[in-house]
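Remember, it's 1-based here, ligands and their atoms both numbered in the order they're listed.
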Amino acid sequence: MGCVQFEASPRAEEYREKLLRFMDERVYPSEAVYDEQLEASGDAHSQPAVMEALKTEAKERGLWNLFHPHGEWGPGLSNLEYAPLAEILGRSPIASEACNCSAPDTGNMEVLTLFGTPEQQDRWLRPLLDGTIRSSFAMTEPDVGSSDASNISLSIARDGDEYVLNGRKWWTTNIFHPHCEVLIVMGKTDACAAPHRQQSQIIVPRDTPGLTVVRALTVFGYMDQEGHGELRFDNVRVPAANLIAAEGDGFAISQARLGPGRIHHCMRMIGVAERALEAMCQRALSRTTFGKRLAERANIQDWIAESRIELEMARLLTMKTAWLMDTVGNKAAAVEISAIKVAVPNTALRVLDRAIQVHGAAGMSADFPMAAAYASVRALRFADGPDEVHKLTIARRKLRRHDPEFRT
Ligand SMILES: Cc1cc2nc3c(=O)[nH]c(=O)nc-3n(C[C@H](O)[C@H](O)[C@H](O)COP(=O)(O)OP(=O)(O)OC[C@H]3O[C@@H](n4cnc5c(N)ncnc54)[C@H](O)[C@@H]3O)c2cc1C
């Protein structure tokens, strides 16, 4: 491995400055407006008008599709260039959508860029890149342990010029977003193939007959604006041309989407935690108990220092991972990708928990962002694979260095 290079390119620095200005001038002041408009609508899943205004402005400022690594479709930033921008976006719950950089659309756009036919790209990728529609990714199923993707059992059966889908999904994020028009669905096309060739991915328009959104799931009691749905597929028919790549390519497609997706999540979470640390310091300086400001208490200084140290370590590991992905590829960076997926959510949760504690009871309320942030970061110890499965990846690779035959 060569020397790790973190120096920002002039182009990345230019984007950083523009994005910081957009956050200060438009995004932070819009957070309260967003919440007010959402509440006033009486529908937890409605799209606040301020979001559409932010999207228009982000586009005009050239802060659009920053995540997209392929030059012909987006700004073509490397992972190392995008990572600090994702951290800035993560500081606000509304910034990623404003800049068309939210999951799961980013992963879906990446998949359609890499594997989509020109027809699939015209029909779905272009409007996603324009931000006129949004999308979902449906893999997890209620009936099987979905940490192990080979368990996924929704059936995708060929019938003439069509595929017919039958089965159940849940935790399909974004399905309640009013702009969600399309899903990428993972299912089984051949139960007799080798374990990693049984699955395929297919495009399903949201309004296809037979697709029922059964209910919305809450996260720690929060009803997220984009929604997480339980879905039923009863003889859902789509054209055979909706299949992404070939039958049996489902696993390979998942691997392609998850590398960059994980680094985006991690950098956003560092942004969430940095903002919580700032709030922790401000609160500790502004509250007094037993004749002293909270900031003067040794335990609170310890929490602040621990948070600073842990965040610095988490960021460095994430930047190193981004650099490795850019220089040796996602496959060679698999251990580091798994490592940050475990390290960063756990670090961010510790920082959020300390910030909540310093705020007293107020920290649990919706008056401050930490409680909702805690719920969404906690979910990332499951989403894109639970901690235990990532640790398995790391341990297996290490053990095979000592015993190449090692199997679990
Ligand atoms: C807010 C949120 C949003 C989500 N969005 C999406 C989405 O958009 N699309 C989608 O498809 N899914 C989504 N998910 C689902 C997520 O990807 C799954 O929850 C995850 O993959 C785990 O699958 P499971 O829930 O079936 O857990 P299971 O597979 O039932 O596993 C349960 C637990 O078993 C343990 N475990 C599993 N395997 C091992 C092992 N090998 N060794 C040791 N312990 C193990 C882990 O602790 C794990 O948490 C979302 C989840 C949340 C919470």
- Task: Look at Glu141 together with Arg168 and state whether they make a salt bridge at an N to O cut-off of under 4.0 Å.
- Result: no
- Query: Considering all protein heavy atoms, does one lie under 4.0 Å from atom 27 (O) of ligand 1?
  - Reply: yes
- Message: Checking contacts now, so for atom 33 (C) of ligand 1, which I'm interested in, is there any protein heavy atom under 4.0 Å?
- Response: no
- Met139 and ligand 1 - part of the residue with a heavy-atom distance under 4.0 Å: both
- Message: Please list the nearest protein heavy atom to atom 16 (C) of ligand 1 with its residue and the distance rounded to 0.1 Å.
- Response: Thr140 OG1, 3.7 Å
- Non-hydrogen atom of Ala383 closer than 4.0 Å to ligand 1: yes
- Message: Please work out, at 4.0 Å between heavy atoms, whether the side chain, the backbone, both, or neither of Lys169 comes within that distance of ligand 1.
- Response: neither
- Under a 4.0 Å heavy-atom limit, does Ser147 contact ligand 1 with its side chain, its backbone, both, or neither? both
- Contact partition for Val389 relative to ligand 1, non-hydrogen atoms under 4.0 Å: side chain
- Query: Protein heavy atoms: any of them under 4.0 Å from atom 12 (N) of ligand 1?
  - Reply: yes
- Query: Within 45° of the ring axis of Phe406 and under 6.0 Å from its six-membered ring centre, is that where the NZ or CZ of Arg400 lies?
  - Reply: no
- Task: Answer yes or no: is there an ion pair linking Arg297 with Asp302, defined by an N-O contact shorter than 4.0 Å?
- Result: no
- Message: Quick check on contacts: which atoms of ligand 1 are under 4.0 angstrom from a heavy atom of Leu392?
- Response: 41 (N)
- Message: As an exercise, identify every atom of ligand 1 less than 4.0 angstrom from a heavy atom of Val144.
- Response: 26 (O)
- Please confirm whether the backbone N or O of Val238 pairs with a side-chain atom of Asn242, one donor and one acceptor, at under 3.5 Å? no
- Task: Flag the pair Arg11 and Glu14 as a salt bridge only when some basic side-chain nitrogen lies within less than 4.0 angstrom of an acidic carboxylate oxygen.
- Result: no
- Task: Classify the angle between the aromatic ring planes of Trp171 and His228 as parallel (below 30°), tilted (30 to 60°) or perpendicular (above 60°).
- Result: tilted
- Before accepting this row, confirm whether a basic side-chain N of the pair Arg350/Glu310 lies closer than 4.0 Å to the acidic partner's carboxylate O. yes
- Task: Please confirm whether the backbone N or O of Gly250 pairs with a side-chain atom of Gln201, one donor and one acceptor, at under 3.5 Å?
- Result: yes
- Message: Below 30° counts as parallel, above 60° as perpendicular, anything between as tilted: where do the rings of Tyr82 and His264 land?
- Response: perpendicular
- Query: Is Asp148 near ligand 1, meaning one of its heavy atoms is under 4.0 Å from it?
  - Reply: no
- Message: Need the ligand 1 atom indices (1-based, order shown) with element for anything under 4.0 Å from a heavy-atom of Ala379.
- Response: 1 (C), 53 (C)
- Query: Which protein heavy atom lies closest to atom 20 (C) of ligand 1, and at what distance to 0.1 Å?
  - Reply: Phe382 O, 3.5 Å
